[in-house]
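Reading through the structure tokens given below for one structure.
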Amino acid sequence: MLSAVFIYNQKGEVLISRLYRHDVKRSVADVFRVHVISSPTSVIRSPVTTLGSTSFYHIRYDNLWLCAVTKNNASAAMVFEFLYRLLGLGVSYFGRFDEESVKNNFVLIYELLDEVLDFGYPQNIEVDTLKLYVTTESVRSSARGGLQSDVVTGIPHSITMQATGTTTWRRNDIVYKKNEAFVDVIESVNLIMSAKGTVLRADVQGQIVMRSFLSGMPECKFGLNDKLVLDRDPAAGNTTVASSQMGRRQGGMSGMGDGESVEIADCQFHQCVRLG
């Protein structure tokens, strides 16, 4: 999959270099610097640059360049998801992810890169799980620019289960004094209309954000509408009725007065969601 991961500063200097396969050499970092970072700013850069048989997937954040190198036909969506998750991992550990924090925590960054990638294949990259067994002292950058030391510690007997279990995003021993769950439904309406008043395009984008304060590993069931969940199954009984009523409420909010439910398309779910 991935052959190497590089982190550059805005001048093109290599701050972090980690090779995972033998099909590329350390000199490939100079190729990316010459053809992408040092190229004229007027050139429209693509996030994917292919030079010969080598592909460079890169993102830019603050004064840093994060680049993943591969010679295989890797999934671009997976590579960029990994780069952004790696970026979020750095922010979680260091407070902010910039050139100064990378230089102050290069030992910890190399240790994290060894954990999140195995022979170029992405592994567990959940922040909470990594903080259980990657306990190297990090230097956090505060909002005021100051530095403070931070030691992340975990519970040794739960590390193995947390890292290799099916619920890497949550510990199973969490206890709250009061069990609560907050659900926010956020919707945005996009409309393009011509000068004559004709609707050219209209769509609704929404997301459901949940904040859970529930003890242990409870199972919560949520219904959206019959088109998505039950597919108009008459054998579902009362559940179909309740779901249809929810669909009518959603249809009413979107301007559909005939009581029909809304068909949801292009859905993306967190890994904790189990459909069916």
Side-chain angles (χ1 to χ4, degrees), residues 1-39 41 43 45-51 54-72 74-127 129-131 134-143 145 147-150 152:
M1 188 59 66
L2 298 183
S3 300
V5 173
F6 300 105
I7 299 179
Y8 304 81
N9 61 8
Q10 58 185 356
K11 297 180 181 179
E13 300 173 350
V14 179
L15 303 178
I16 299 295
S17 172
R18 183 66 174 88
L19 302 180
Y20 294 95
R21 293 170 177 258
H22 299 292
D23 53 355
V24 297
K25 297 182 180 180
R26 175 64 174 76
S27 59
V28 77
D30 298 329
V31 177
F32 178 79
R33 175 181 56 82
V34 173
H35 288 83
V36 178
I37 300 179
S38 300
S39 63
T41 56
V43 177
R45 299 191 182 98
S46 170
V48 181
T49 303
T50 302
L51 302 173
T54 306
S55 298
F56 300 87
Y57 301 81
H58 62 275
I59 61 175
R60 188 173 184 179
Y61 178 79
D62 199 22
N63 57 354
L64 296 177
W65 293 78
L66 279 73
C67 177
V69 184
T70 180
K71 283 183 172 291
N72 301 320
S75 171
M78 187 277 297
V79 177
F80 285 115
E81 176 69 16
F82 168 76
L83 291 178
Y84 281 107
R85 294 287 291 274
L86 182 63
L87 178 62
L89 188 64
V91 174
S92 177
Y93 264 91
F94 316 135
R96 62 183 183 183
F97 200 67
D98 54 10
E99 181 177 357
E100 181 183 2
S101 61
V102 170
K103 290 181 178 179
N104 292 333
N105 299 278
F106 70 93
V107 175
L108 178 56
I109 292 177
Y110 276 112
E111 186 175 355
L112 290 174
L113 287 176
D114 289 336
E115 294 292 341
V116 299
L117 283 176
D118 184 12
F119 197 60
Y121 290 94
Q123 303 298 312
N124 187 7
I125 199 170
E126 292 291 336
V127 178
T129 304
L130 289 173
K131 285 186 176 181
V134 180
T135 58
T136 304
E137 182 177 357
S138 63
V139 179
R140 296 181 60 89
S141 300
S142 62
L147 301 178
Q148 55 182 358
S149 177
D150 183 22
V152 183

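What you see is a predicted model; the values in this text were computed from it and never measured. The analysis underlying the following values was restricted to heavy atoms, covering all of them including side chains, and did not include hydrogens, waters or symmetry mates.
- Remark: Val14 engages Phe6, Tyr8, Ser17, Arg26, Ala29 in a side chain to side chain contact (heavy atoms under 4.5 Å, CB included) (not counting sequence neighbours).
- Interatomic distance, Phe106 CZ to Ile7 CD1, rounded to the nearest 0.5 Å: 13.0 Å.
- At least one side-chain heavy atom of Val116 sits under 4.5 Å from a side-chain heavy atom of Leu130.
- The CG atom of Leu66 sits 10.0 Å away from atom CG of Leu15, with the distance rounded to the nearest 0.5 Å.
- Taking Asp118 as the reference, nothing meets the salt bridge (charged side-chain N to carboxylate O under 4.0 Å, His left out) condition, with sequence neighbours excluded.
- By the salt bridge (charged side-chain N to carboxylate O under 4.0 Å, His left out) test, Glu81 pairs with Arg85, sequence neighbours left out.
- With values rounded to the nearest 0.5 angstrom, Phe97 atom CZ is found 9.5 Å from Asn105 atom CG.
- In summary, the side chains of Asp98 and Ser101 do present a donor paired with an acceptor at a separation below 3.5 Å, with no hydrogens or angles considered.
- For Glu115, there are no salt bridge (charged side-chain N to carboxylate O under 4.0 Å, His left out) partners, not counting sequence neighbours.
- Residues meeting the side-chain hydrogen bond (donor to acceptor under 3.5 Å, both in side chains) test with Lys25, sequence neighbours left out: none.
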### Task
Would you check, one step at a time, whether the test side chain to side chain contact (heavy atoms under 4.5 Å, CB included) holds for Leu64 with Leu87?
CA-CA 10 Å; Leu64 296 177; Leu87 178 62; over 6 Å; no

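- The side-chain hydrogen bond (donor to acceptor under 3.5 Å, both in side chains) check on Glu111 picks up Thr136, with sequence neighbours excluded.
- Judged as a side-chain hydrogen bond (donor to acceptor under 3.5 Å, both in side chains), and not counting sequence neighbours, Gln123 has no contacts.
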### Query
Run the side chain to side chain contact (heavy atoms under 4.5 Å, CB included) check on Leu108 and Leu112 step by step: do they pass?
CA-CA 6 Å; Leu108 178 56; Leu112 290 174; 4.2 Å; yes

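- Each side chain to side chain donor-acceptor pair (under 3.5 Å) pair with one or both residues in residues 55-65, not counting sequence neighbours, appears once here: Thr50-Ser55.
- Here the closest non-hydrogen pair linking Val28 and Thr54 is CG2-CG2, 4.2 Å.
- The side chain to side chain contact (heavy atoms under 4.5 Å, CB included) test applied to Leu117 returns Leu2, Val5, Tyr20, Phe82, Pro122, not counting sequence neighbours.
- Rounded to the nearest 0.5 angstrom, Ile59 CD1 and Phe80 CZ are separated by 8.0 Å.
- Take Asp23 and apply the side-chain hydrogen bond (donor to acceptor under 3.5 Å, both in side chains) test, not counting sequence neighbours, and it matches Ser3.
- Considering only residues two or more places apart in sequence or on other chains, Asn72 meets the side chain to side chain contact (heavy atoms under 4.5 Å, CB included) condition with Arg21, Thr70.
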Side-chain polar contacts of residues 31-38 - donor-acceptor pairs under 3.5 angstrom, sequence neighbours left out - could you list them?
| from | atom 1 | to | atom 2 | distance (Å) |
| --- | --- | --- | --- | --- |
| His35 | ND1 | Val31 | O | 3.0 |
| Ser38 | OG | Arg33 | O | 3.2 |

